[in-house]
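In the text below, chain A, chain B and the rest are named by the order of the sequence lines, each starting its count at 1.
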Number of protein chains: 2
Amino acid sequence: MVSSKDVAKHAGVSQTTVSRVLNTPEFVKKPTLDKVMKAIDELNYIPNAHARSLVQNKTNTIALLSGPLHNPFFVDTTSAIINYSNEMGYRVNVQYVNDHKLPEAYATAFENKVDGIILSCILIDDPIFEKLKQMDIPFITYNRKHKKNENFVEIDNFQAGYLSAQHMIELGHKTIAWVGGPLTVSSFNNRYSGFLQAIKDYNLPLSEQYIFNTDTSKQEISTAFHCLMKLKHRPTAICTGADSLALNLLDDAISEGFKVPDDLSIIGIDNVDISQHGLIQLTTVGSISQQNLGLLAISELIEMIENKKNDCIKITEPVKIFNRRTTRKIENKQ
Amino acid sequence: MVSSKDVAKHAGVSQTTVSRVLNTPEFVKKPTLDKVMKAIDELNYIPNAHARSLVQNKTNTIALLSGPLHNPFFVDTTSAIINYSNEMGYRVNVQYVNDHKLPEAYATAFENKVDGIILSCILIDDPIFEKLKQMDIPFITYNRKHKKNENFVEIDNFQAGYLSAQHMIELGHKTIAWVGGPLTVSSFNNRYSGFLQAIKDYNLPLSEQYIFNTDTSKQEISTAFHCLMKLKHRPTAICTGADSLALNLLDDAISEGFKVPDDLSIIGIDNVDISQHGLIQLTTVGSISQQNLGLLAISELIEMIENKKNDCIKITEPVKIFNRRTTRKIENKQ
DNA sequence: ATTTAAAATGGTTACGTATTCATTTTGAAG
DNA sequence: CTTCAAAATGAATACGTAACCATTTTAAAT
């Protein structure tokens with residue numbers, strides 16, 4: 001591998017001068033600069049970013065610990081995060097983390113001495129949070145937050161759950177089911193709470209049979225759907241913990257011969273890009289500003305990195321209903 | 001930052017021994033090992049991957065230069081590539097490259113001395129190809145290939161184009177349009193050629209008005225759609241260069257009040273995951289094996305990296321029609 | 001006890017860069 | 001022609017690790 005020393009030798013200058021040519025060319029005389037540039041060109045020299053990181057104690061790298069891309073929410077956020085980071089001069093190490101590989105994911109991030117960590121995969125009660133704080137690396141969580149309520153960007157999840165239930169109630173639905181994710185996750189937890197609150201406020205009955213807070217795998221969602229549809233009094237509406245779940249349920253509903261929204265209303269939360277597609281037109285709840293949560297988070301993170309700010313980021317975006325085609329007024333009693 | 005030297009001092013051993021504890025613990029006595037492990041734990045020591053890279057001349061990092069995620073093809077491939085790489089112990093630097101940022105993307109990959117490069121964004125006639133070969137870094141292209149015909153993984157694009165046209169023809173369509181991407185890209189180019197060949201083989205007339213090989217932006221696709229629908233003899237079928245384009249066209253068609261497949265048949269190429277969704281059910285052409293192209297490519301790349309093989313990878317997967325719900329037999333002449 | 005090979009550990013160096021400090025060169029003012 | 005500050009360049013070092021070679025310790029065989 002050709003190094004700056006090789007370039008120096010070839011150009012007849014010191015390695016220091018080569019370094020200067022690349023970093024502070026205004027301090028080197030024109031003829032010298034030309035000589036060095038010529039040598040760089042002739043030798044096809046490319047500086048080694050790792051060596052630079054070592055001496056500068058800065059890697060210009062950010063670790064992204066995201067959920068899997070089959071969840072369209074993470075498609076939108078990953079895209080925004082990577083593009084913004086690159087624009088700002090940072091490389092992004094991406095890992096799609098499932099729960100049992102989480103420690104590993106943190107380890108690689110730490111070993112690479114990244115300048116910052118942006119992550120969605122954190123539980124309300126996650127011991128990793130303390131470690132993260134100890135590490136003294138700027139970090140931020142998006143979509144989810146830790147119980148300590150520090151450094152997060154989210155939508156108003158409680159309100160989102162509330163609005164989605166209210167939406168169904170106002171459409172005349174009496175039997176409303178909930179399909180959400182693990183309650184160990186702040187977003188699902190708060191969305192579910194909001195849902196419950198609305199049901200309570202409107203004095204609707206609610207039996208446990210209609211509640212599923214399961215793993216978010218396609219498999220589990222299908223199971224939940226089948227259970228719901230086998231009930232004597234089928235729900236006429238399903239509120240879901242995320243667009244991703246709603247999309248899965250829609251798929252199930254269709255393959256089982258149910259018509260949405262004629263037989264069944266379904267609403268999501270997140271307002272992911274794909275939900276707007278003409279063929280999908282998912283009714284959902286999302287940020288009023290329609291700002292991408294990932295973008296919001298990464299811009300805050302880079303701000304933290306570059307300005308060494310230590311003040312806690314706490315952003316909760318207000319939400320509203322995006323009324324589309326998977327929900328409708330109920331006409332006749334079942 | 002706490003280094004292995006600090007650990008050594010704290011444990012009363014040499015830095016060499018600390019290094020051994022981490023890399024070849026079988027060569028260090030139990031009591032010493034315990035002492036060092038204790039020190040590591042107490043000091044919260046985490047080895048510096050960049051320093052290691054420097055001395056080992058291996059970064060365990062792969063650069064992924066992908067197309068944008070709003071193209072679902074890249075959702076599927078990115079996911080597969082990152083997951084497989086991580087499983088195999090590699091970190092992945094992801095960049096979503098648009099054409100004018102390409103040189104920059106290569107530069108960062110080179111500066112980081114990645115162990116390998118996996119990329120989709122290469123043109124048939126791209127000068128970067130020679131540079132890549134000169135760099136002596138293992139690399140592979142997926143989906144697209146360079147005219148030199150080296151190191152690629154693709155589907156049989158010509159056949160894909162051919163089959164999609166043939167599918168429409170056999171359904172009785174006479175006026176078939178083509179909406180594809182830039183012909184500077186091998187996949188689009190070959191798909192288009194296949195389409196043309198089928199039209200020719202079946203002796204169908206084809207006017208230039210029905211052909212669009214445009215930029216793949218949503219904007220451009222919409223423009224193409226409007227042009228097609230304004231024609232005196234509207235096409236009854238559109239063959240597209242990719243599922244991504246087909247999905248855009250479907251969106252346009254719906255928002256313009258056309259019914260698919262009643263008014264218009266649309267077929268894609270790629271068989272992306274989302275095309276199977278119950279609400280979409282896109283008829284498309286895809287690899288018979290249904291192997292993810294990204295996975296195929298990344299496994300070959302890592303093979304190249306680890307076994308220092310230099311033999312050229314040339315994989316072209318055979319394809320077939322996946323007949324779903326966006327195409328149908330034409331009933332009556334328009 | 002002595003020898004000896006194997007096991008365990010340590011000292012030193014290299015990786016490629018930026019930085020710090022010292023030295024040389026330049027050119028304008030006297 | 002000097003003087004001297006400013007501009008330009010260079011020498012030496014540090015960053016944190018693995019690798020190489022040298023040295024010490026251990027334990028088995030005589």
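- Between the A:Ser120 side chain and the A:Asn143 main chain, no donor and acceptor come within less than 3.5 Å of each other.
- Between A:Thr32 and D:dT9 there is a side-chain N or O to OP1 or OP2 distance below 4.0 Å.
- Residue A:Phe27 contributes atom CZ, which lies 16 Å from atom P of D:dG10 at whole-angstrom precision.
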Given protein heavy atoms under 4.0 Å, the one-letter contact record of nucleotides 15-25 of chain D, with B base, S sugar-phosphate only and - none, is simply BBBBBB-----
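- Taking atom CG of A:Asp34 as the reference point, atom P of D:dT9 lies 11 Å away to the nearest angstrom.
- Counting heavy atoms of neighbouring residues, nucleotides and ligands inside a 6.0 Å radius, atom NZ of B:Lys131 does not exceed 12 of them.
- Listed by first and then second residue, the salt bridge (Lys or Arg N to Asp or Glu O under 4.0 Å) pairs that reach into residues 35-47 of chain A are A:Lys38-A:Glu42, sequence neighbours excluded.
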task = In sequence, state the C-alpha distance, the side-chain angles, and the governing distance for A:Glu317 and A:Ser289, and then conclude on side chain to side chain donor-acceptor pair (under 3.5 Å).
result = CA-CA 8 Å; A:Glu317 291 277 293; A:Ser289 69; 2.8 Å; yes
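- The two residues A:Leu65 and A:Tyr142 make their nearest non-hydrogen contact at O-OH, 4.4 Å.
- Rounded to whole Å, atom C1' of C:dT17 lies 14 Å from atom CG of A:Asn60.
- Applying the side chain to side chain donor-acceptor pair (under 3.5 Å) test to pairs two or more places apart or on separate chains, none has a residue in residues 68-82 of chain B.
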